[in-house]
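What follows is a single structure, written as C-alpha cells, with notes after it.
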Amino acid sequence: MKIVLVTGGNRGIGLEICRQLDELGHTVILGSRDLQKGKVAAAAFSRNVIVRQLDVTDEDSILRLFEAVKTDFGKLDVLINNAGIGEINEGNKNPVLASAKNFMEANLFGGRQLTKIVIPVLRKAGIVAQRNGAGNISLANVKQVMETNFYGPWRMIQVFVPLLLKSKEGRIINMSSGMGELKSLSGNYPGYSLSKSSLNALTIMFSNELKDKGIKVNAMCPGWVKTDMGGPNATRHVSQGGDTAVWLTTEKVIPTGKFFRDREEISW
Ligand code: NAP
C-alpha cells in the first residue's frame with residue numbers, strides 16, 4: 001500500500017482521487033487550503049485519509065506539510081499535483097457587473113452556459129470589456145493563474161523530492177489539461193492554457209532530472225469533468241476524471257515523462 005499526497009483534495013477531481021485510493025486501501029494525505037472544508041469532505045472516508053492544510057501558493061504551508069509528512073511517515077510514494085484554478089478574467093467598466101461577470105467566469109466552465117448567453121450581450125453594450133485573447137489579457141491575471149497551476153506544482157516537487165526519494169519508486173502526477181496541448185493552443189483562456197503547457201514542460205524537465213533517481217514523473221488530462229471548474233455540462237463524471245491518476249499511482253510498471261488521458265499516451 002502506498003502513501004499518496006493529493007493537492008486540492010477537498011473537492012472535484014482531487015476529492016474523487018482520494019476516495020478511489022482510500023477504497024483501494026492506500027494511505028491518503030488530503031491537502032486542503034481550508035482545513036475544515038477538507039475535514040468535511042473526508043468525513044465519509046476511512047482513517048487512512050489524513051486531512052492536512054495546504055495552499056500550494058504558500059511556501060510556509062508547503063513546508064509545514066513537508067515536516068508533518070516527514071514526521072508521520074518518513075517518506076512519500078506518490079505526489080499528485082491536482083490543485084488548480086481556471087482563467088482569471090479582466091476587470092470591467094461597471095464594478096457591480098464586473099463582479100457578477102467575474103463570479104461567473106471565475107468558475108470558468110462552471111458558469112459556462114450562463115456566461116455564453118449573458119456576456120456577449122454585456123460586451124455588445126460596452127459594459128463588459130471585449131474577450132481577452134492572448135493579445136489583450138492582463139499579465140497580472142496570467143501570473144496569478146501561473147502561481148497556482150505552474151509554480152505551485154513546481155514548489156511542491158522541489159520540497160517533496162527528498163521524501164519521494166525515500167520511496168522504492170517515487171511518482172509524481174501532474175494534473176494538466178488538453179487545453180495545454182501545444183497543437184491546440186489558441187488565444188482562448190490564454191493564462192490557463194499556458195499554465196498547463198508549462199506544467200507539461202515541467203513534467204518533461206523533472207522526468208529527465210529524476211529518471212536516474214528512480215522517480216517517475218508524468219502529466220495527465222482528466223477530460224472535461226463535471227466539477228465546479230468543469231461545470232454541469234461537462235461530459236465526464238469525476239470517477240472517469242480521477243481514473244488515470246489512480247492508475248498512474250497504482251499500476252506496477254509505468255513509464256516516465258509522458259502525457260496521458262484515459263490511461264493512453266497523448267501528444268504534448
Ligand atoms: P475544482 O472543482 O475547481 O477544484 C479545484 C481544487 O483545487 C479545489 O480543491 C481547490 O481548493 C484547489 N485549489 C485551488 N487553488 C489552490 C491552492 N492555491 N492551494 C491548494 N489548493 C487549491 O477543479 P477540478 O475540476 O476538480 O480540477 C482539478 C484539476 O484538474 C485542476 O488542476 C484542473 O485544471 C484540472 N482539469 C480539470 C478539468 C475539468 O473539466 N474539470 C479539465 C482539465 C483539467 P478550494 O476549495 O480551497 O478552492
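For ligands, and for the atoms within them, numbers begin at 1 and follow the listed sequence. Start at 1 with the first residue, then count along the sequence.
- When atom types are taken as modelled, the side chain of N10 and the backbone of A41 share no donor-acceptor pair closer than 3.5 angstrom.
- Numbered from 1 in the order shown, with element, the atoms of ligand 1 that lie under 4.0 Å from a heavy atom of D55 read 17 (C), 18 (N), 19 (N), 20 (C).
- A chain of hydrophobic side-chain contacts below 4.5 Å, direct or via other Ile, Leu, Val, Met, Phe, Trp or Tyr residues, connects I157 to L165.
- The backbone N or O of F259 sits nowhere less than 3.5 Å from a side-chain atom of N218 that would complete a donor-acceptor pair.
- Under the 30°/60° scheme for interplanar angles, the aromatic rings of F66 and F160 are found to stand perpendicular.
- Between the side chains of S267 and K183, at least one donor N or O lies within less than 3.5 Å of an accepting N or O.
- Counting heavy atoms closer than 4.0 Å to ligand 1, residue A234 contributes nothing at all.
- Residue-ligand proximity: L54 is placed with a non-hydrogen atom under 4.0 Å from ligand 1.
- Ligand 1 lies less than 4.0 angstrom from a heavy atom belonging to R11.
- At a 4.0 Å cut-off, at least one heavy atom of P222 sits close enough to ligand 1 to count as contact.
- Between the H237 side chain and the S239 main chain, a donor and an acceptor come within less than 3.5 Å of each other.
- Remark: ligand 1 atoms within the under-4.0 Å shell around heavy atoms of D228 are 2 (O).
- Judged by the shortest distance from any of its heavy atoms, D34 lies outside the 4.0 Å radius around the atoms of ligand 1.
- Of all the heavy atoms of V56, the ones lying under 4.0 Å from any atom of ligand 1 are found in both the backbone and the side chain.
- Closest approach of S61 to Q53, counting heavy atoms only: OG-OE1, 2.9 Å.
- Any N or O atom pair closer than 3.5 Å counts here, and G8 shares at least one such pair with ligand 1.
- In this structure, W224 contributes its side chain and G230 its backbone to a donor-acceptor pair below 3.5 Å.
- Considering only non-hydrogen atoms, atom 38 (C) of ligand 1 lies nearest to G223 out of G31, G230, P153, G223.
- Close N/O approach between G9 and ligand 1 is not found [any backbone or side-chain N/O within under 3.5 Å].
- Each of N149, I88, T57 was evaluated against Q144; a single residue qualifies, I88, per the side-chain contact (heavy atoms from CB on, under 4.5 Å) test.
- Residue-to-ligand polar distances keep S177 apart from ligand 1: every N/O pair is separated by 3.5 Å or more.
- Contact analysis puts S176 in contact with ligand 1, with a non-hydrogen atom separation below 4.0 angstrom.
- Only the side chain of K196 comes within contact range of ligand 1, with a heavy atom under 4.0 Å; no backbone atom does.
- Which of N82, N149, I62, V238 comes nearest to atom 28 (C) of ligand 1 through a heavy atom is settled by distance: it is N82.
- By the 3.5 Å distance cut-off applied to N or O atoms, K37 is not counted among the residues near ligand 1.
- Close contacts between ligand 1 and I85 involve ligand atoms 14 (C), 15 (N) [criterion: under 4.0 Å to a heavy atom].
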